[in-house]
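Working notes for the structure below.
Order of appearance sets the numbers: ligands from 1, and atoms from 1 within every ligand. Fair warning: this is a prediction, and the values are worked out from it, not measured in the lab.
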Amino acid sequence: MTILDGKKTSNDIKDEIAAEVAAMKERGEKVPHLAAVLVGNDGASLTYVGSKVKACERIGFESTLLHLSEDTTEGQLLAKITDLNMNDNIDGYIVQLPLPKHIDEQKVLLAVDPDKDVDGFHPVNFGKMAQDMPVFIPATPFGIMELLKRYNVPTEGKNCVVIGRSHIVGRPMSILMSQKGNPGNSTVTLAHSRTKDLEKFTREADIIITALGVPEFLKADMVKDGVTIIDVGITRVADSSRPRGYRIAGDVDYDEVSAKAGFITPVPGGVGPMTIAMLLKNTLLARKRNREA
Ligand code: GUN
């Protein structure tokens, strides 16, 4: 069994990006600048955005955090987005999701300039991805593809079951795994909350990518020997023995399933750190494209 070490791999990627940034600086060029917009005080979102900003500092990017109050109106947020679109100093930015309920998420994502959309959430970018055009790929799916690539995990002709059809993970993942290429060339099943007899699919799967958010639901009797497991779940589970009062649980019962798996991502330290590294990679790409434009 091989552990797909997202922490180590993401650090390798960050080192590679840092070296490019250092070379940019030496040539007297402007370094990449990532902005993040956070509306409200959701605990998990605060943690994620904080990690993104810290990662920027570590690799020599400039970063800007726009932290807006919970009662920000949709109009005020859209005005900030227009500012970011117009600001030549910002290469790329993200709007952290979820947004407060009074704000229309689709309207906001449509307002982001696709050339600055380093999350790859704008329909123009999503459509380009689905048609194999070069584009920003959403960071979590991009990170999973990079892990599969760097560990030479076989994907061609394999049965891949993706669990969860979110726009951020499941849907794009299903597209990428079925695309021509390596990784890719898999036969993909996209399972979701209305799928009947999920075990029937998971037991036949060579690769399972789960992004459901139900702690430890995938058990050993649901998978076959040698399976590749990619666990995207990150749920806070109450645990009074931890200083924070919770632990982070994946979708997979790791102790059971790892005994049968060929490759597996741990939680934490698997897909999570890769997401941040690939956001940085997209921002570097945005900077390079802006320079060429
Ligand atoms: N919320 C959960 N994951 C993500 C992500 O990758 N990007 C943004 N912007 N929000 C998220």
Side-chain angles (χ1 to χ4, degrees), residues 6 10 13 34-56 61 63-68 70 72 77-78 80-81 84-85 90-101 103-126 129 135-147 162 164-173 175-176 209-214 230-236 248-251 265 267-268 270-283 285-286:
S10 69
I13 294 168
L34 174 71
V37 183
L38 174 62
V39 186
N41 293 301
D42 175 71
S45 291
L46 278 166
T47 308
Y48 295 148
V49 171
S51 308
K52 289 169 185 177
V53 169
K54 217 161 68 192
C56 283
F61 281 13
S63 65
T64 298
L65 172 58
L66 281 173
H67 191 176
L68 310 176
E70 181 78 27
T72 301
L77 176 58
L78 289 170
K80 290 284 179 203
I81 287 182
L84 289 166
N85 287 344
I90 306 277
D91 297 293
Y93 67 95
I94 63 156
V95 180
Q96 187 66 28
L97 304 178
L99 289 167
K101 286 196 174 51
I103 297 177
D104 181 344
E105 197 169 288
Q106 280 187 356
K107 215 173 185 177
V108 171
L109 295 183
L110 276 168
V112 174
D113 178 349
D115 290 335
K116 294 190 175 188
D117 171 36
V118 283
D119 257 335
F121 291 169
H122 192 287
V124 163
N125 287 331
F126 204 96
M129 177 193 67
V135 72
F136 300 121
I137 295 179
T140 301
F142 195 10
I144 293 170
M145 296 303 276
E146 194 67 23
L147 258 187
V162 178
R165 56 184 157 182
S166 74
H167 296 165
I168 296 182
V169 184
R171 191 72 57 79
M173 211 56 239
I175 294 169
L176 294 169
I209 301 170
T210 173
L212 205 58
V214 177
I230 306 291
D231 188 350
V232 191
I234 28 168
T235 309
R236 291 183 180 189
I248 300 294
D251 287 352
T265 59
V267 175
V271 174
M274 290 299 291
T275 297
I276 293 183
M278 301 323 272
L279 174 67
L280 301 172
K281 185 125 185 158
N282 275 343
T283 308
L285 268 174

Ignoring hydrogens and geometry, is there a side-chain-to-backbone donor-acceptor pair from [X] to [Y] under 3.5 Å?
X      : Y      : value
Lys116 : Asn85  : yes
His67  : Gly40  : yes
Asn282 : Ile137 : yes

For [X], side-chain hydrogen bond (donor to acceptor under 3.5 Å, both in side chains) partners two or more places apart:
X      : value
Thr210 : Asp251
Asp117 : Asn125
Lys54  : none

Report all N/O contacts between ligand 1 and the protein shorter than 3.5 Å as a table of atom names and distances to 0.1 Å; if there are none, say 'none'.
residue: ligand 1; atom: 1 (N); partner: Gln96; partner atom: NE2; Å: 3.3
residue: ligand 1; atom: 1 (N); partner: Leu97; partner atom: O; Å: 2.9
residue: ligand 1; atom: 7 (N); partner: Asp119; partner atom: OD1; Å: 3.3
residue: ligand 1; atom: 7 (N); partner: Asp119; partner atom: OD2; Å: 3.2
residue: ligand 1; atom: 9 (N); partner: Val95; partner atom: O; Å: 2.9
residue: ligand 1; atom: 9 (N); partner: Asp119; partner atom: OD2; Å: 2.6
residue: ligand 1; atom: 10 (N); partner: Gln96; partner atom: NE2; Å: 3.4
residue: ligand 1; atom: 10 (N); partner: Leu97; partner atom: N; Å: 3.0

